[in-house]
Amino acid sequence: MKDKSNTDKEQPNNPLHGVKLADIMEQLVDHYGWEKLAQKININCFKNNPTIKSSLTFLRKTPWARDKVENLYLRMIRK
């Protein structure tokens with residue numbers, strides 16, 4: 001079993017390391033709201049009856065959509 005300090009050394013420059021997808025989604029929704037989020041990333045789970053739970057289910061199964069969400073999150077935290 002690895003300790004936390006060991007895993008931090010493995011990915012010292014990865015800003016997503018240790019950040020849960022659910023936390024990313026909550027921050028994006030708080031910052032942009034569902035409507036603006038759907039404009040920025042054109043996927044149906046952000047447009048039709050959006051919920052964090054349904055979005056997480058979709059994003060965990062769809063790598064290209066998850067990449068877009070993670071990239072938007074990175075741009076948001078860098079501002």
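For reference, positions follow the sequence shown, starting with 1.
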- Excluding sequence neighbours, so at least two apart, what forms salt bridge (Lys or Arg N to Asp or Glu O under 4.0 Å) with R60? none
- Query: Roughly how far, to the nearest 0.5 Å, is CD1 of I52 from OG1 of T57?
  - Reply: 11.0 Å
Return all side-chain donor-acceptor pairs below 3.5 angstrom for residues 23-49, not counting sequence neighbours, or 'none' if the list is empty.
{"unit_1": "N42", "atom_1": "OD1", "unit_2": "K47", "atom_2": "NZ", "d": "2.1"}

- Can you name the closest pair of heavy atoms from F58 and T62 and give their distance? O-OG1, 2.8 Å
- Query: What distance separates L56 CG from L21 CG, expressed to the nearest 0.5 Å?
  - Reply: 5.0 Å
